[in-house]
Structures are given as structure tokens and as C-alpha cells.
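Worksheet: one structure, shown below.
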Amino acid sequence: MSGPGDTSRIAVVTGGNKGIGLEVCRQLASAGVTVVLTARDEKRGAEAVEKLTGLGLSDVIFHQLDITDTSSIERLAELLKSRFGRLNILVNNAAFNGHEPVGNPSFSPEMCIAQLSGMDAAQRVEWMRQNSRETYDTAVKCLQTNYYGAKHVTEALLPLLQSSSDGRVVNVSSGFGLLRYIGSEELKQELNDPENLTEERLDELLAAFLKDFKAGAAETRGWPKDFSAYKVAKASLSAYTRVFARRHPELRVNCVDPGYVKTEINWNSGYLTPEEGGSRVAAVALLPARGPTGALFANGKEASFV
Ligand SMILES: NC(=O)c1ccc[n+]([C@@H]2O[C@H](COP(=O)([O-])OP(=O)(O)OC[C@H]3O[C@@H](n4cnc5c(N)ncnc54)[C@H](OP(=O)(O)O)[C@@H]3O)[C@@H](O)[C@H]2O)c1
């Protein structure tokens, strides 16, 4: 296990207990990085570390982290400070899908695979839409987790990232975070203008979205139609990535779309394996020094935010 005198890279992955996050932990550890696998649930996190240890990856440690809990974030920052004195890589991966199932359907992997065979991506997304609903509470939780959770973890760990020579942040965004899903041209332009956009303005926009959502006016006010809170949260996370990257040229700050991956967040409706999705995220975390910053990666290359 690494200590403060070691030169190996240290990474934190949020939501590391399953899905893409677990794969990112595995791939980073396989590349020789010391991984702090975090999860909000102690048991699920410890079991995930055991899985990786069972694969011969001994440089993985567990630490509890609920990204919506300030004291949990502070405890992680203290552990990193006392144990390593720095952080090289932060992967903001944890997220909530922003909706709840309608009725009480079974979304076991077997059931989903059976129902979804023969459907293309659009049909699978439509199947999810028909079986789910967004409420004001799910919308609030979605913004709190997917946008503010990632932002608060990043802010708390910033001094540690700055203490390493090549600190980097990888925000796991989504194709659903592309600006094409936003109906209002004005909003699109604001979110696509990192030179003038500020974090305060992003707060105002997110508050306006929730107000419009509560009034049943999200779509007419130019916000995305379906899965609207998830799309707004991811578009905001991508915009924050660009704003934050400009403010911190000493770091590499990028976001990545892992692709449509078969995990619990989409009721196992995706096409790619977690290994494939995780490799797209790990590749951005492991980009050569002095690489791009403020960029979005999709399909293994830089992509448009629109
Ligand atoms: N799968 C896809 O097709 C796809 C496509 C585009 C983007 N993404 C993004 O990829 C990332 C990983 O998602 P996934 O597909 O691997 O989904 P997943 O298997 O459902 O994993 C989500 C992870 O986030 C954790 N999490 C949720 N809320 C949390 C909180 N408050 N604090 C800490 N951890 C929390 C979950 O923990 P629990 O186990 O405790 O719930 C879980 O570990 C997400 O950012 C997602 O938006 C996925």
C-alpha cells in the first residue's frame, strides 16, 4: 500500500461499488494507480474492494463517501490529506437516474434483456420513459447528486489535487448532457459559453429549472422534454467542467460520456459492457501529462458539447 513518501498516483472514484465506477477502479488499479474506491454504503463498498483484491489488485482501499453529505466529503478529504497529502485523479462518477419506476415492474437483468431484445437505442430509451416518471423530488435529488454532489467533492478535494504535479478531474457526463436536448436557444448559448458562464449563473439556471419543473412548465420554458432533470444536471456538469477548467489551468479537467452501458442506472438497457464504458472513463483519467483540459470525450475522442 502506498504512503506519503511514494510517487505512485492516487485516484478517488465516487460510486465505485458497481457498474462503470467499479470498472474504472479496476482499470486504474491495473494501471498501477492507488485507488480509493468510495461508496455511500460501507458494506457494498467493502464487498467491491474484496472483488478487486480477489483479482490480485491489492492497491485499492475503501472509504465511505456519500457525495450529497458534506461531513462525509470532509472525512474523505481528511483521510486523503493525512494518508497521502495529495490527490492525482478524481473521477466524479456517482449519479442518480432522476426518475422512479411506474408501478412495481421487475427490472432484473434477465427480465430487461428479454424485454429489450430486438429494440434499438431509441426504442430502449422510449421503453424506459414509458415505465418511469419524474417527480419534483426525483428532480431535486438528481440535481443534488449529479451536479452539486460532483461540484462539492471537487471543491473539497481541490487543495489536494493542487498538491500533486498533474492533478486531474474526470467528470462522468452523458450523451444526455448534450446541449441538443435543450429547446431554448438562449439557454443553449449560455451553457455553451464557458468564457462568460459562472458557477453562480449555473446555480441560478438550476433554480429556474426546478421552479419551471414544479410549475409543470419545464418543456415550454425550453428545458429538455423527457428525463429532464438528468439531462439538465449532466449539461450543467459538462458546462461546470469547462468553467472550472478555465479557472484552474494548473489542473486537467475534462468530462466523458461512457456510452450506453448496461448498468442499473438504465435498468440494464444499455449495449456496452461496464468494462467498455469504464475503459472510456479510465482512458481520460490516464491521458498523458499536459493533455487537453475543458474537453468532452465520447467514443474515445474529443467531442462537441452540442
Ligand atoms: N450506464 C450508462 O449507459 C451511462 C450513460 C451515460 C452516463 N452514465 C454515467 O455513468 C456514471 C456511472 O453510472 P452507472 O451506469 O455505472 O450506474 P450505476 O451502476 O447505477 O452506478 C451508480 C453509482 O452511483 C452511486 N451513487 C448514487 N448516489 C450516490 C451518492 N449520493 N453518493 C455516492 N454514490 C452514489 C451508486 O451507489 P449505490 O450502489 O449505493 O446506489 C452507484 O455506485 C453515472 O455518472 C452515469 O450518469 C452512464
Side-chain angles (χ1 to χ4, degrees), residues 13-27 39-41 43-45 47-48 51 93-146 149 172-178 180-183 213 216 218-219 223-235 237-238 256-282 298-300 303:
V13 180
T14 69
N17 55 294
K18 68 182 181 192
I20 294 168
L22 177 58
E23 257 306 305
V24 173
C25 291
R26 186 186 70 78
Q27 294 183 25
R40 59 182 160 177
D41 182 273
K43 187 166 176 282
R44 288 196 287 270
E47 283 169 359
K51 268 188 211 161
N93 165 79
F96 166 58
N97 63 13
H99 54 84
E100 59 187 23
V102 174
N104 192 19
S106 163
F107 293 122
S108 69
E110 300 73 27
M111 178 64 79
C112 294
I113 288 162
Q115 291 196 56
L116 298 169
S117 71
M119 286 191 194
D120 65 20
Q123 289 169 322
R124 288 171 184 226
V125 170
E126 175 56 17
W127 168 81
M128 275 183 71
R129 193 192 64 75
Q130 284 174 2
N131 285 286
S132 65
R133 79 175 142 237
E134 283 190 279
T135 66
Y136 182 69
D137 287 347
T138 61
V140 170
K141 183 176 162 190
C142 189
L143 300 194
Q144 286 303 335
T145 307
N146 301 4
V172 182
S173 192
S174 167
F176 270 2
L178 293 175
R180 69 185 62 161
Y181 292 107
I182 293 182
F213 186 94
E219 194 184 343
W223 300 105
K225 194 163 156 246
D226 305 313
F227 305 111
S228 52
Y230 184 85
K231 286 173 177 165
V232 168
K234 291 295 190 183
L237 181 64
S238 295
V256 55
D257 168 16
Y260 193 9
V261 182
K262 196 184 288 293
T263 65
E264 285 179 30
I265 208 165
N266 55 29
W267 304 335
N268 296 294
S269 65
Y271 288 109
L272 302 176
T273 62
E275 189 177 352
E276 290 166 317
S279 73
R280 294 181 179 185
V281 178
N299 284 314

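Throughout, residue positions are numbered sequentially from 1 according to the sequence presented.
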Nearest atoms (heavy-atom pairs only) where [X] meets [Y]:
X: Asn17; Y: Ala39; value: OD1-CB, 3.5 Å
X: Cys25; Y: Val13; value: SG-CB, 3.6 Å
X: Gly19; Y: Pro274; value: O-CB, 4.0 Å
X: Gly15; Y: Ala94; value: N-CB, 3.7 Å
X: Ala139; Y: Ala229; value: CA-CB, 3.6 Å
X: Gln27; Y: Ala282; value: OE1-CB, 3.8 Å

Could you tell me whether a side-chain N or O of [X] sits under 3.5 Å from a main-chain N or O of [Y], the two making a donor and an acceptor?
X: Ser173; Y: Asp257; result: no
X: Thr138; Y: Gly98; result: yes
X: Asn93; Y: Val172; result: no

Answer yes or no: does atom CZ of Arg129 have more than 12 heavy-atom neighbours from other residues, nucleotides or ligands under 6.0 Å?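 Enclosed.
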For Arg44 and Glu47, what are the C-alpha separation, side-chain angles and deciding distance, and is it a salt bridge (Lys or Arg N to Asp or Glu O under 4.0 Å)? CA-CA 5 Å; Arg44 288 196 287 270; Glu47 283 169 359; over 6 Å; no
As an exercise, state the distance from [atom1] of [X] to [atom2] of [Y], rounded to the nearest 0.5 Å.
X: Lys231; Y: Asn146; atom1: NZ; atom2: CG; result: 14.0 Å
X: Leu116; Y: Met128; atom1: CG; atom2: CE; result: 9.5 Å
X: Asp226; Y: His99; atom1: CG; atom2: NE2; result: 10.5 Å
X: Asn268; Y: Gln115; atom1: CG; atom2: CD; result: 11.5 Å
X: Lys262; Y: Arg124; atom1: NZ; atom2: CZ; result: 6.0 Å
X: Thr273; Y: Glu275; atom1: OG1; atom2: CD; result: 5.5 Å

A side-chain contact here means heavy atoms from C-beta on lying under 4.5 Å apart; do [X] and [Y] qualify?
X: Phe227; Y: Ser132; value: yes
X: Leu272; Y: Tyr260; value: no
X: Val232; Y: Phe213; value: no
X: Trp267; Y: Asn97; value: yes

Derivation of the side chain to side chain contact (heavy atoms under 4.5 Å, CB included) call for Ile20 and Thr263: CA-CA 8 Å; Ile20 294 168; Thr263 65; 4.2 Å; yes
So, are Glu276 and Arg280 salt-bridged, with charged N and O less than 4.0 Å apart?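 Here Glu276 does not pair with Arg280 in a salt bridge, since their nearest N and O are not under 4.0 Å apart.
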Partners meeting side chain to side chain contact (heavy atoms under 4.5 Å, CB included) with Arg133 (sequence neighbours left out):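 Arg133 satisfies side chain to side chain contact (heavy atoms under 4.5 Å, CB included) with Glu100, Val102, Thr135 only.
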Check whether the side chains of Tyr181 and Ser228 place a donor and an acceptor atom closer than 3.5 Å, and report yes or no.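 No pair is found: no donor N or O on one side chain lies under 3.5 Å from an acceptor on the other.
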